[in-house]
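Below is one structure, written out as structure tokens; the observations come after it.
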Amino acid sequence: MARQINVHLKASIDRSYQIAINPKVLADMASVLSRKWMGRSVFIITDSIVSGLYGQRLQNDLTDSGFEVILVDFPSGEQSKNASVIHALHTQLLTNSIRRNSLIIALGGGVVGDVAGYVAATILRGVKFIQVPTTLLSQVDSSVGGKVGIDHPLGKNLIGAFHQPSAVFIDPTVLKTLSEKEFRNGLAEVVKIAAALDISFFSFIERNARKITRTNVKLLSEIIRRSVALKAAVVEKDEHESGIRKVLNLGHTIGHALEAASNYSLKHGEAVSLGIVAESRLAVKLGLLREVDYKRVVKLLTTLKLPTRIPQIKNKTKFFRTLGTDKKSEGAQNMFVLLNGIGKSAIGVEVPMELIARAIFQRNGA
Ligand code: GLY
């Protein structure tokens with residue numbers, strides 16, 4: 001009798017998708033969707049703020065185009081990335097008869113994309129979803145690439161899935177309703193992508209840094225387009241982050257630990273900015289990055305009004321514990337993504353704890 005049965009599985013479904021970036025995306029969305037998705041019930045998942053700004057309008061547009069649309073929202077903010085919000089959303093969608101061929105639209109910032117994407121990945125074992133990011137951070141980073149999920153009391157983003165969207169619709173004009181602080185937070189991810197992958201994009205941001213405002217739609221469109229193109233190329237090569245995709249974690253290993261140690265009083269973008277500075281300092285100490293390039297990185301973040309001076313860390317235990325439990329760490333040693341020059345990254349760099357402690361507690365940022 002055979003003692004072993006092999007299950008042969010080959011990826012056979014094309015999961016390619018388009019990312020539309022232009023200032024009329026939101027206004028045109030209903031007619032674009034009606035060409036491909038007519039006949040499916042649509043569930044817009046958004047948060048309590050974005051619902052009033054863009055959710056109801058999108059619901060009306062889609063209804064006028066002939067879709068059956070349910071709009072659901074949850075309280076805005078990182079604290080909503082938890083299992084009870086997911087459970088409540090599952091309940092709302094099931095109560096409203098969601099089907100396997102329904103479409104979920106994630107309308108909002110990074111939290112909405114992560115939560116709605118995770119609902120889409122899990123409900124009825126997966127339904128299709130579309131990302132409509134409304135913050136700079138989600139437009140340049142989290143809406144592309146299929147990482148969805150929630151936080152756990154033991155750390156951020158520890159529960160989740162890879163579930164690629166079926167399309168991404170990016171409208172840079174919606175950034176005008178973003179707070180200045182949220183907008184700056186998104187710029188930290190832009191600097192991350194440029195510093196990690198493309199020196200010419202980094203120089204472009206340097207040249208234009210003072211002109212980047214929430215309403216400079218032309219410049220923003222270019223910045224979003226270049227960031228998304230760089231990220232998409234990485235995701236195409238390594239969807240599940242077994243290698244090259246790790247470069248997108250630049251600044252996030254220390255960033256997440258700082259965020260946790262501040263009890264999330266630091267915003268994600270601020271923590272990423274500080275993480276990029278601290279990790280660049282480590283890169284200098286390890287001989288990977290020239291001091292002059294470190295200064296260039298710090299100067300750009302400063303010009304973009306992002307923080308570069310690590311604040312006093314009161315909860316050092318939590319800081320080091322998060323460094324250890326961050327899902328990006330592999331085993332006991334901390335494996336970092338570090339700059340190996342501007343536009344180039346080294347992945348899987350082991351950094352001794354004492355060096356991390358010195359980079360963090362030196363608190364010089366310059
Ligand atoms: N935000 C990093 C990634 O999508 O891989």
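Every number for a ligand or one of its atoms is a count from 1 in the order of the listing. Quick note: residue numbers are just sequence positions, from 1.
Electrostatic pairing of Lys299 and Glu206 does not count as a salt bridge here, judged by no charged N lying under 4.0 Å from a carboxylate O. At a threshold of 4.0 Å, the pair Lys156-Glu78 counts as salt-bridged, since one of the basic side-chain nitrogens sits closer than that to a carboxylate oxygen.
Considering backbone and side-chain atoms together, Asn249 places no N or O closer than 3.5 Å to any N or O of ligand 1.
When hydrogens are left out, the protein atom nearest atom 5 (O) of ligand 1 is Arg245 NE, 2.8 Å; that is the closest non-hydrogen contact.
Checking Val140, Asp141, Val144 against atom 1 (N) of ligand 1, the nearest heavy atom belongs to Asp141.
Phe204 carries Arg226 over the face of its six-membered ring, with the cationic atom under 6.0 Å from the centre and within 45° of the normal.
Ligand 1 is approached by Lys231 to a heavy-atom distance shorter than 4.0 Å.
Below 30°, between 30° and 60°, or above 60°: for His256 and His268 the angle between ring planes is between 30° and 60°, a tilted geometry.
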